[in-house]
Structure formats: C-alpha cells, structure tokens
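See structure below.
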Protein chains: 2
Amino acid sequence: MKHKNPTGTVLYTIEQAIKEYRKVCQKNIQKIVSDITVDQCLVLIILNENSKISQIEMAKLIFKDNASVTRIIELMVKKDYLSREINELDKRKSKLVITEKGQKTIGLLTPIFKLNRKTALDGLAIDEIELLDKLLHKIISNCKTA
Amino acid sequence: MKHKNPTGTVLYTIEQAIKEYRKVCQKNIQKIVSDITVDQCLVLIILNENSKISQIEMAKLIFKDNASVTRIIELMVKKDYLSREINELDKRKSKLVITEKGQKTIGLLTPIFKLNRKTALDGLAIDEIELLDKLLHKIISNCKTA
DNA sequence: TTGAATTACTTGATATATCAAATATAATTA
DNA sequence: TAATTATATTTGATATATCAAGTAATTCAA
C-alpha cells in the first residue's frame, strides 16, 4: 500500500488526515441534518458550551477570519439555527443565541459527533492519541514562534 | 500553557496544526514571491515532478475539487506561471506546462519549502515523525473505510 | 471631558470550495 | 458503425476565505 505524497513530508499527511476526517463528518451529519456544515456544527457546540462568546473569540476557536464568522453566522441566522441579539453591556458585540431549532439540532447531532470521533480514532490507543496530540502541539508551537 | 480545545479531541489539534503550518508557509513564501499561494506552489512542485499529470490527478493530490483546480490553473495561467496546451493524445485533457516564470519561481521557492518544513518539524526526532505519519495514516484509513 | 486610539463587527473585492449541470472527447457495446 | 456510456474539464450558483477598508461603540489619555 503506497502512500502518494508529493511533498514527502508528514505535513502533507496532516492535511490529508484532516480532509478525510471532514469528509466523514460532513457525510454523517448530512444523513441527519441536510442543511448544516461541519463548521456550523462546531459553532453550535461552542456556543452551547459558552453562550457569552464573542464573534472574535469564535473566530479564533474555529480557526477562521472574523469576516468569515460574520457570514457564517448570517447564514445560520437565516436558517434559524441562531438569533442575534444586542449585547447591552457592549453594543459593539453581538449576543448569539441558539434557537429552539438549533438546540434540537445539537441534540440530534451530538451522537454523530461522538461517532465521527470514534470512527476516526478507531484502533488508536489512548497513549497513541496523547502522543499524537503532543507531537502536533510541538508543530503548532514551532509554527507560532517562527 | 493551556490548550483551548472546544471539542476535546486530537482531531481539532490536527486542524490547528495544519492551519498554523499554512500560515507560516504563506508568510515565508510571500517574502519572496508576492502573488502566489501555498496551493499554487504545490501545483508547481507537482507539475515539476510529473509534467504529464492531468487536472483530475492534480485535484486528488492537492485534495481539491476538480472545479477548484480548473480555476486555480486559470489564475496561474493569467499570472504566467503556467500555460495550457492541447493534449493531442486525448483532447479532453489539457497539457499543463510550467512557463519560464514558473520555473524561476520554483527555483526561488525551493529553499523556502525546505525551510518551512524544517521550521515546523524542528525538535521532532525521525522516529517521532514516522510515528506521527503512521498514526495519521491510521486515521486516514479509518475515515476512508467508514 | 474631549479627541485619539482601540475594539468588535461589517462590507467589498477577489479567490477558493463544493455541488450539480453542461460540454466535449473517448471508449465501449449492440 | 451508431448509440450508449464513461471520462476530463468547464461553468454556474452559492458558501467560505482573506485582506483591506469602513462603521460604530468603547476606552484611554491629555
């Protein structure tokens, strides 16, 4: 089983891994909810954990540009997963609120997220996963300080 | 040093790693050549290794949709990195040829690619990199067969 | 307390991602 | 060979990515 890797580095493999994982996620998600993307799910999960998060913080957490977040949220509002309210404490910020449909969707998709992770990590031992995480964090830190 | 990870899985870390790596790459590339992207560089590298590659094969290698490849190549032709010629053996396919400017760019950027990889993988031992690659390929294979 | 700087977000422009449909050529089959 | 099927690429529509510039609210400093 040959792995074609045009750059010959593990960095290409990292890219490949995340692309394949995203494909699986999207496929499984769409079996249950047809009009939502992986990233939009991530937005819901994050908001569900921390309802007071700002768009800028959200952007950092999902590795996206602020402008992208603005537009992703616009679409999620349009599709009635979120509503935007005014943050009275700081009117620059917008308060993002998960709608009932959003909540229902989280409920529907939570088992899917678990399945996705389990699928991807099947056969990896806990210590292998920890090691993987450690090595990746080393790469992240190398890149950040570069 | 806390790692915020909203999903609590290594899959998020994979995403983070590749995003940070791409940022470094883009930054270093743009110091030398201002109007080219990481992916366009990858196209040049791949074509330089194998000039007979089709767009579909290219799409697979750089993990993109065929339509994206069409448009990326259009732009690269417009910027005079590539030229499109007719493949007389199969007129459906297009023959992609690296221009003189493209060749010069490859020469300029080759040391940058090496630097990028070295930067990202700094401090990782060979066997760690191999292990990383192995674990990632396990994930890839899990996702592909899912 | 006012003016300057900062912050949060939006908007515009362009590139890219993705899917579906369209086009053109090639290969296969009845 | 004519009709069908398959392949390679393109195009259209919409979403997202990215940068720069713009807007509005907040904070800071003289």
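Residue numbers start from 1 in every chain, and the chains themselves are labelled A, B, ... in the order their sequence lines are given, proteins ahead of strands.
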Query raised in the report: Can you list the residues that meet the side-chain hydrogen bond (donor to acceptor under 3.5 Å, both in side chains) rule with A:Ser68, with sequence neighbours excluded?
Result: none

Query raised in the report: Could you state the NZ-P distance from A:Lys95 to C:dA8, rounded to the nearest angstrom?
Result: 18 Å

Requested in this report: For the side chain of A:Asn66, starting at C-beta, report the closest nucleotide among C:dT10, D:dT7, C:dT7.
Outcome: C:dT10

Requested in this report: Starting from P on C:dT10, measure out to CG on A:Asp65 and report it in whole angstrom.
Outcome: 12 Å

Requested in this report: Round to a whole Å and report the spacing from CD of B:Gln26 to P of D:dT18.
Outcome: 9 Å

Query raised in the report: To the nearest angstrom, how far is B:Lys64 atom NZ from C:dA15 atom C1'?
Result: 11 Å

Query raised in the report: Between B:Ser94 and A:Lys79, which has a closest nucleotide on DNA chain D that is more 5'?
Result: B:Ser94

Requested in this report: Taking only heavy atoms on the protein side, list every residue of residues 70-78 of chain A lying under 4.0 Å from any atom of DNA chain D, sorted numerically.
Outcome: A:Arg71, A:Ile72, A:Leu75

Requested in this report: Assign A:Arg22 to base, sugar-phosphate, or nothing according to its heavy-atom contacts below 4.0 angstrom with the strands shown.
Outcome: nothing

Report summary line: Shortest non-hydrogen pair, B:Thr99 vs B:Leu82, comes out as CG2-C, 3.5 Å

Query raised in the report: Are the side chains of B:Lys95 and B:Ile86 in touch, meaning some heavy atoms are under 4.5 Å apart?
Result: no

Report summary line: Result for 5'-nearest mapping on DNA chain C, choosing between A:Lys19 and A:Val69, is A:Val69

Query - Nearest to side-chain heavy atoms of A:Lys91, which nucleotide of D:dT10, C:dC9, D:dA25 - result: D:dA25

Requested in this report: Measure the distance from CG on A:Leu89 to P on D:dT27 and round it to the nearest whole Å.
Outcome: 10 Å

Query - Separation of atom CD1 in B:Ile86 from atom P in D:dT9, rounded to whole Å - result: 13 Å

Report task. Record whether the side chain of A:Arg92 comes under 3.5 Å of the base of C:dT7 through a donor-acceptor pair of N or O atoms. Result -> yes

Requested in this report: Report the residue from B:Leu135, B:Leu131, B:Thr13 that forms a side chain to side chain contact (heavy atoms under 4.5 Å, CB included) with A:Leu132.
Outcome: B:Leu135

Query - Identified side chain to side chain contact (heavy atoms under 4.5 Å, CB included) counterpart of B:Ile29 within the set B:Val38, B:Leu108, B:Thr105 - result: B:Val38

Query raised in the report: Are A:Arg22 and A:Asp39 close enough for a salt bridge, meaning some N to O gap below 4.0 Å?
Result: yes

Query raised in the report: Looking at B:Tyr21 versus A:Tyr12, is the centre-to-centre ring distance below 6.0 Å?
Result: no

Query - A:Ala67, nearest nucleotide to its side chain (from D:dT16, C:dG12, D:dT10) - result: C:dG12

**Report entry** Sidechain N-carboxylate O distance under 4.0 Å for B:Arg71, B:Glu74
**Finding:** no

**Report entry** Residues within residues 34-58 of chain A bordering DNA chain C, heavy-atom distance below 4.0 Å
**Finding:** A:Ser54, A:Gln55, A:Ile56

Report task. Name the closest nucleotide to the A:Lys93 side chain, picking from C:dT18, C:dA8, D:dA17. Result -> C:dA8

Query raised in the report: Quick one: B:Gln30 CD to D:dA20 C1', roughly how many Å, whole number?
Result: 14 Å

Query raised in the report: Per the side-chain hydrogen bond (donor to acceptor under 3.5 Å, both in side chains) rule, which among B:Arg84, B:Lys60, B:Lys93 passes with B:Gln55?
Result: B:Arg84

**Report entry** Geometric cation-pi criterion A:Lys101 and A:Tyr81, 6.0 Å radius, 45° cone
**Finding:** yes

Requested in this report: Take the protein atom NZ of B:Lys27 and the nucleotide atom P of D:dT18, then report the distance between them rounded to whole Å.
Outcome: 15 Å

